[in-house]
Chemist: 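Here you go, one structure.
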Amino acid sequence: MNILVVNAGSSSLKYQLIDSDTNVVSAKGLCERIGLEGSLIEHKQLIKGLKVKYESPMKDHADAMKLVVKYLTDAEYGCIADMSEIQAIGHRIVHGGHFFSKSILMTKDVLAKLELCKEFAPLHTVAHLMGIKGCLDTMPSTPQVLVFDTAFHQTMAPEAYMYALPYEYYEKYGLRRYGFHGSSHRYVSAEMAKLLDKPVEDTKIVTCHIGNGSSVSAVKGGKVMDTSMGFTPLAGVEMGTRCGDIDPAIVPFIMDKEGLTAAQVNDVMNKKSGFLGITGYSSDSRDVENAILAGPSDPNYEKAVLAVDILKHQLKKYIGGYAAIMNGLDAVVFTAGIGENSSILRELVCSDMENLGIELDKDANQKAFRLSDSAKISKDTSKVAVYVIPTNEELVIAKDTAEIVSAL
Ligand code: AMP
């Protein structure tokens, strides 16, 4: 089944055309600057290996979708004859609140509930709604399915998702841990479970999705027991520009000392912290690692080491803590931009963890870079298997969409 996977941002729209039976991606691309000057589409036809960039005004997501369909059906750059060959559309939705615990067919009722999710993730939800409307305008009879980043984490018990705040905040505002990157944690934990020689129900896996945004999950028996992100994607480990977990009393302290509003502190914690905040020069782990590799003579060396050491320390704490709550650990998985590519970080995290049963194979770890398939990076003697598994959130979205649409 040909599934068009759509990831709509406020001024962007990413897409992939995936055959859900063969897992082949025949085209993918990105519409940028939607609703702004200089909007453009970058389209790749992956079967023929062709690429095209085209500037064209796009006043909204419906205009963007028209261009996507134009390129997917283009005589030269396309891969389908007409849009009737797209059997369904699967949308990546960042926040499903407590309304959605699994992927769902888009209906009027579902859209009304998604509207309520604006409360939790205003910018993302508004963008998703625009993406859905854009698809409705362009392909009104094509079924659409919503796949939520929060859904996989809905198996957490109240002890894991509740904050010890006045209970009425949970009742009034839905204030609780939701967790994010769910499709990624779901994909890599399922792949890891297949690699372990035991029934899924018996598996205890920690998945580390480490990219520009990062989160760690404890997945026991195929179900999430806990995850590091919280009410918002700001919580958990240090990220590119996000601070992760801090003492909450720091917020009023900074507001007072720096004369900032709540919105301004929120901005500092989301956009000016993490690797960027510590190093003062970059949120990109490649820049940070280059300073480390350059050695102590590099002016950025010390801060770069500190930025990576903070993340290493936090990841060790999460892995150890999650092994404790699962009462054991079979495997640790690294995924996403940094997890898949940074042997430096993986080595730092997995060193001095023998007591927990983790023994890294340093050579295998060095070689695990830009992989298209899973790679084992632990020694054969390691009690805990450590793997690098390239994530594939789009495939999860395509598969869920196909499953729901096939049952119609
Ligand atoms: P993501 O959010 O998953 O796209 O990941 C983005 C992060 O991955 C950025 O910090 C990149 O610097 C990092 N990244 C991508 N490729 C590499 C690499 N080859 N080595 C280290 N970090 C990388």
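Bear in mind that the values here come from a model prediction, so they are computed numbers and not experimental data. Counting starts at 1 for both ligands and their atoms, in listed order.
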Chemist: Between Asn212 and ligand 1, is there a nitrogen or oxygen pair with a distance under 3.5 Å?
Modeler: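 For ligand 1, there is an N or O atom that lies under 3.5 Å from one belonging to Asn212.
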
Chemist: Heavy-atom distance under 4.5 Å between the side chains of Thr142 and Cys135, does that happen here?
Modeler: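 No. Closest side-chain heavy atoms not under 4.5 Å.
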
Chemist: Protein heavy-atom contact under 4.0 Å for atom 4 (O) of ligand 1?
Modeler: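 When distances to the protein are checked, atom 4 (O) of ligand 1 has no heavy atom within 4.0 Å.
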
Chemist: Would you mind telling me which of Val288, Leu293, Ile338 makes a side chain to side chain contact (heavy atoms under 4.5 Å, CB included) with Ile344?
Modeler: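 Only one of Val288, Leu293, Ile338 forms a side chain to side chain contact (heavy atoms under 4.5 Å, CB included) with Ile344, namely Leu293.
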
Chemist: Between the side chains of Ser215 and His185, does any donor sit under 3.5 Å from an acceptor?
Modeler: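 Per modelled atom types, Ser215 and His185 side chains form a pair under 3.5 Å.
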
Chemist: Which protein non-hydrogen atom lies closest to atom 21 (C) of ligand 1, naming both residue and atom, and how far is it?
Modeler: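 Sorting protein heavy atoms by distance from atom 21 (C) of ligand 1 puts Ser285 OG, 3.5 Å first.
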
Chemist: Kindly indicate, with the supporting measurements, whether the criterion side-chain contact (heavy atoms from CB on, under 4.5 Å) is fulfilled by Ser184 and Thr207.
Modeler: CA-CA 9 Å; Ser184 177; Thr207 47; over 6 Å; no

Chemist: With a 4.0 Å cut-off, would you call Asp352 and Lys316 a salt bridge?
Modeler: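 So Asp352 does not pair with Lys316 through a salt bridge.
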
Chemist: Charged N to carboxylate O under 4.0 angstrom, Lys362 versus Glu347?
Modeler: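 Looking at Glu347 together with Lys362, the answer is yes, because their closest N to O distance falls below 4.0 Å.
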
Chemist: Between Asp284, Ile338, Ile344, flag the one that comes closest to atom 7 (C) of ligand 1 by a heavy atom.
Modeler: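 Selected option, by shortest heavy-atom distance: Ile338.
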
Chemist: For ligand 1, is there an atom lying under 4.0 Å from some heavy atom of Phe275?
Modeler: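 No heavy atom of Phe275 comes that close to ligand 1.
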
Chemist: For atom 14 (N) of ligand 1, find the nearest protein heavy atom and state the residue, atom name and distance (0.1 Å precision).
Modeler: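 Here the closest protein heavy atom is Gly337 O, 3.5 Å.
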
Chemist: Starting from atom 20 (N) of ligand 1, what is the nearest protein heavy atom, named by residue and atom, and what distance separates them?
Modeler: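 Checking every protein heavy atom, the shortest distance to atom 20 (N) of ligand 1 gives Asn341 CB, 3.6 Å.
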
Chemist: Could you list which atoms of ligand 1 come closer than 4.0 Å to a heavy atom of Phe369?
Modeler: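 Per the distance check, 19 (N).
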
Chemist: Using distance alone, determine whether Arg370 and ligand 1 share an N or O pair under 3.5 Å.
Modeler: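 Checking ligand 1 against Arg370, no N or O pair falls under 3.5 Å apart.
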
Chemist: Mind checking whether Phe180 and His95 have ring centres under 6.0 Å apart?
Modeler: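 When the ring centroids of Phe180 and His95 are compared, they turn out to be within the sub-6.0 Å range.
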
